[in-house]
Amino acid sequence: MENRLRTAAAGLLLAALCVSCRRSEATFGYCDLRGESGWSAGNPAVIVYDNADTLSLRQIELFLRHSRDIETSLLPLVVKTVSPDSLCWHDTVYLEVRDAGGRFNGRRRGDGYEYTQAYRSDALLSRPSKYTFVAWPCADASADGFRGVGVKLD
């Protein structure tokens, strides 16, 4: 009888762990740049993500929505990540907006394009609460061609 209770308790514990460690769904954060007075270090895109999953390794991607009016093919972008305990990471990411032939990378979205690029692989957001992603181009960019920037966590 005691072995059965132990086996049942172990089974319940295993089932509870499997349910509690279930991987979360993809989450998107987006900052609309239309109507802004330029996109620069002085006027960055800010995306706040409220993290509840402190166990899963996440894939983090950046996406850029733009019109056909932009002239750049390679956009150097500074991304600053601030954790809930105020730790900061600064990265420079190069978004290849156009290929070598001058065609836009990414997929058509309405009358513009959306380009997605990996930012971090197997990232662990170990603190519950708000993470802030702040992004701006290394050189000032006109707001005319850039429509928005976002972060996808999967």
Practice task
Could you grab the distance from atom CZ of Arg58 to atom CG of Asp154, nearest 0.5 Å is fine?
Solution key: 7.5 Å

Exercise for the section: Find out whether Ile60 and Tyr131 are in side-chain contact, i.e. whether some heavy atom of one side chain is under 4.5 Å from a heavy atom of the other. Expected result: no

Exercise for the section: Kindly indicate whether the side chain of Leu153, heavy atoms from C-beta on, has any atom under 4.5 Å from the side chain of Tyr49. Expected result: yes

Practice task
Nearest 0.5 Å please: distance from the CG atom of Leu75 over to the SG atom of Cys138.
Solution key: 8.0 Å

Handout entry: Any Tyr113 side-chain heavy atom under 4.5 Å of Arg108 side chain
Key = yes

Exercise for the section: Might you point out which heavy atoms bring Tyr30 and Gly148 nearest each other, and give the distance in Å? Expected result: OH-CA, 3.3 Å

Handout entry: Any residue meeting side chain to side chain contact (heavy atoms under 4.5 Å, CB included) with Thr116, in chain and number order, not counting sequence neighbours
Key = Glu61, Phe63, Glu114

Practice task
Establish whether Val82 and Val46 are linked, either directly or via other cluster members, by ILVMFWY side-chain heavy-atom contacts under 4.5 Å.
Solution key: no

Fill in the blank from the handout: Sequence neighbours excluded, the answer for side chain to side chain contact (heavy atoms under 4.5 Å, CB included) partners of Asn105 is Glu96, Asp99, Tyr115

Completion exercise
Sorted by chain and residue number, the side chain to side chain contact (heavy atoms under 4.5 Å, CB included) partners of Thr54 (sequence neighbours excluded) come out as Asn51, Pro128

Problem - From Arg98 atom CZ to Glu71 atom CD, the distance as rounded to the nearest 0.5 Å - result: 8.0 Å

Handout entry: Residue pair Ala45 / Leu33: nearest heavy atoms and the distance that separates them
Key = CB-CD2, 4.2 Å

Exercise for the section: For the residue pair Leu62 and Val151, establish whether any side-chain heavy-atom pair is separated by less than 4.5 Å. Expected result: yes

Problem - Rounded distance (nearest 0.5 Å) linking atom CG of Leu55 with atom CG of Leu125 - result: 11.5 Å

Practice task
For the residue pair Phe104 and Ile70, establish whether any side-chain heavy-atom pair is separated by less than 4.5 Å.
Solution key: yes

Practice task
Count the heavy atoms belonging to other residues, nucleotides or ligands that lie under 6.0 Å from OH of Tyr94, then report whether that count exceeds 12.
Solution key: no

Problem - Validation row: Asp111, Arg147 side chains within 4.5 angstrom (heavy atoms) - result: yes

Problem - Separation between CG of Asp91 and CG of Leu77, rounded to the nearest 0.5 Å - result: 10.0 Å

Exercise for the section: Taking the side chain as every heavy atom from C-beta outward, state whether Val149 and Phe133 have any atom pair closer than 4.5 Å. Expected result: no

Problem - Close aromatic pair by centroid cut-off 6.0 Å: His66 and Phe146 - result: no

Completion exercise
So CG of Leu74 and CG of Leu95: to nearest 0.5 Å the spacing works out to 8.0 Å

Handout entry: Test item: Asp122 and Gln59 side chains (from C-beta on) under 4.5 Å apart, heavy atoms
Key = yes

Problem - Expected output: side-chain Trp39 to main-chain Ala135 donor-acceptor under 3.5 Å - result: yes

